[in-house]
Amino acid sequence: MPELPEVETVVKAINKSIKSRQINKFKIINSKLRWTISSYIPSKTKDNYIKTIYRRGKYIIFKLDIGYLIIHLGMTGIIKFINDKDLPYEKHDHFDIEFKDGYILRYNDVRKFGSVHYCKNIDNQFLVKKLGCEPLDDTFDKFYLKRVCQKKEIPIKNLIMNQTIVTGIGNIYACEALFISEIKPHKKSKSLTLDNCEKLVNAIKFVLKKSIRDGGTTLKDFKSLDGKPGYFKQKLLVYGKQLCGCGNEIKILKIGGRSSFYCNKCQK
DNA sequence: AACGGCACCTGGTCGC
DNA sequence: TGCGACCAGGTGCCGT
């Protein structure tokens, strides 16, 4: 589900909502997620203060007094903000982070593709350490993209969705950015010119920033903490569309098993 | 080393 | 109304 803008929206909302920053307890409700929730998380996190909450790629990271708590929302992960301790659990609730003042962050995940991990050192964390550069950082520029495209036979869409190269871009924003930069999703990475790379980098930054401003994209499951959907969906140009702005029919192509929407006329 | 495809899950929708 | 097929925003891992 959530790509960078949705995760960014959730992180902002958590930062705004949480008043008490001391964890009372971490409660496991259903440990079965992408990785089984470690039974030692409750004892490791108990009474810890949360120093900061930030995003890295599609991961939400809580920096604690000692160590880090790392959450991934998978496809259908939702964080609910609850102020009633006795609110009954719902189907697919997986864990609670309960604070000293009684407020609770409750994680719910229908498809169980999400995860939560605890680690001492974030630089060694097996998932986070593999991540490539942040697309909104200055290090992600046309020269970087050109360099990583070199000699790559894979479609450019696969490349920008590869989290070890650049992190946070998923299927929706890959389609949108390729449309804006007028590049076909299945174009071979190595055939991109420096000019193509510049357009694509700019398009990625543009579409991500724009979506963050609108609170992310809601297709089906995504909601921010307050239950509000994101409004970016209304601004999608190709994803899920049937007709391009130019009047041409939008084509759908399976690339790497994912539906790729593009305009045969506008994208070269 | 690089790449394609599968697996992990649940639920919604569509056609018969 | 029921049932099977197919679809969904992610990604680690396996075989080639």
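Order of the sequence lines fixes the chain letters, A, B, ..., with proteins taken first and strands second; residue numbering starts at 1 for each chain. None of these values were measured; they are calculated from a predicted model.
- Here A:Tyr239 reaches the OP1 or OP2 of C:dG9: one of its side-chain N or O atoms lies under 4.0 Å away.
- Proximity of A:His92 to the phosphate of B:dC9: no side-chain N or O atom is located under 4.0 Å from OP1 or OP2.
- Nucleotide B:dC9 holds its C1' atom 10 Å from the NE2 atom of A:His94, rounded to whole Å.
- In this structure, A:Asp109 places its CG atom 18 Å from P of C:dA8, rounding to the nearest Å.
- For residues 245-254 of chain A, no pair satisfies salt bridge (Lys or Arg N to Asp or Glu O under 4.0 Å), with sequence neighbours left out.
- Applying the side chain to side chain donor-acceptor pair (under 3.5 Å) definition to pairs two or more places apart or across chains, none involves residues 110-127 of chain A.
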Distances under 3.5 Å only, N/O to N/O: pair up the protein atoms with those of nucleotides 12-16 of chain C.
unit_1 : atom_1 : unit_2  : atom_2 : d
C:dG12 : O4'    : A:Arg34 : NH2    : 2.8

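- One atom, CD1 of A:Ile71, and another, P of C:dG10, lie 18 Å apart when rounded to the nearest Å.
- Stacking here means ring centres nearer than 5.5 Å and ring planes tilted less than 30 degrees, and by that measure A:Phe113 does not stack onto C:dT11.
- The distance from atom CD1 of A:Ile78 to atom C1' of B:dT10 is 13 Å, rounded to the nearest whole Å.
- Of the candidates B:dC8, B:dG11, C:dA8, the closest approach to any side-chain atom of A:Lys91 belongs to B:dG11.
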Taking only nitrogen or oxygen atoms into account, show me every contact under 3.5 Å that the protein makes with nucleotides 1-4 of chain B, one pair per line with its distance.
unit_1 : atom_1 : unit_2   : atom_2 : d
B:dC3  : OP1    : A:Glu153 : N      : 2.9

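- To the nearest 0.5 Å, the span separating OG1 on A:Thr36 from CG on A:Leu33 amounts to 8.0 Å.
- In A:Leu194, the CG atom is crowded: over 12 heavy atoms of neighbouring residues, nucleotides or ligands sit closer than 6.0 Å.
- In this structure, the side chains of A:Ile60 and A:Ile79 come closer than 4.5 Å at one or more pairs of heavy atoms.
- For the pair A:Glu90 CD and B:dG11 P, the interatomic distance rounds to 13 Å; values are reported in whole Å.
- Considering every non-hydrogen atom in both A:Ile255 and A:Pro185, the closest pair reads CD1-CB, 3.7 Å.
- Pairs passing the salt bridge (Lys or Arg N to Asp or Glu O under 4.0 Å) check and including a residue from residues 178-203 of chain A, sequence neighbours excluded, read A:Lys142-A:Glu198, A:Glu153-A:Lys188, A:Glu153-A:Lys190, A:Asp195-A:Lys199.
- The distance between atom NZ of A:Lys254 and atom P of C:dG9, rounded to the nearest whole Å, is 8 Å.
- Heavy-atom contacts from other residues, nucleotides or ligands closer than 6.0 Å to NZ of A:Lys16 number 12 or fewer.
- Sorted by first and then second residue, the salt bridge (Lys or Arg N to Asp or Glu O under 4.0 Å) pairs with a member in residues 20-38 of chain A form an empty list; sequence neighbours excluded.
- Per the geometry, CD1 belonging to A:Ile252 stands 11 Å off P belonging to C:dG9, to the nearest Å.
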Quiz prompt | Base-pairing string, 5' to 3', of DNA chain C - Watson-Crick or wobble, under 3.5 Å, | interstrand | solution = .|||||||.|||||||
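- The closest donor-acceptor contact from the side chain of A:Asn30 to the backbone of A:His92 lies at 3.5 Å or more, if one exists at all.
- Sorted by first and then second residue, the ring-ring contact (aromatic ring centres under 6.0 Å, His included) pairs with a member in residues 37-66 of chain A read A:Tyr59-A:His72; sequence neighbours excluded.
- With sequence neighbours excluded, the residues satisfying salt bridge (charged side-chain N to carboxylate O under 4.0 Å, His left out) with A:Arg56 are A:Glu134.
- Of the candidates B:dG11, B:dC8, C:dG10, the closest approach to any side-chain atom of A:Asn171 belongs to C:dG10.
- When the P atom is compared between B:dC3 and C:dG9, the two are found 23 Å apart, to the nearest whole Å.
- Using a 4.5 Å cut-off on side-chain heavy atoms (C-beta onward), A:Leu69 and A:Ile61 make no contact.
- Among residues two or more places apart in sequence or in another chain, the salt bridge (charged side-chain N to carboxylate O under 4.0 Å, His left out) test is passed with A:Lys235 by A:Asp214.
- The stretch residues 255-263 of chain A comes close to DNA chain C through A:Arg258, A:Ser259, each having a heavy atom under 4.0 Å from the strand.
- On the P atoms, B:dC6 is 13 Å away from C:dC6, given to the nearest whole Å.
- Remark: A:Asp65 engages no residue in a side chain to side chain donor-acceptor pair (under 3.5 Å) (not counting sequence neighbours).
- What separates NE2 of A:His72 from C1' of B:dC8 is a distance of 14 Å, to the nearest Å.
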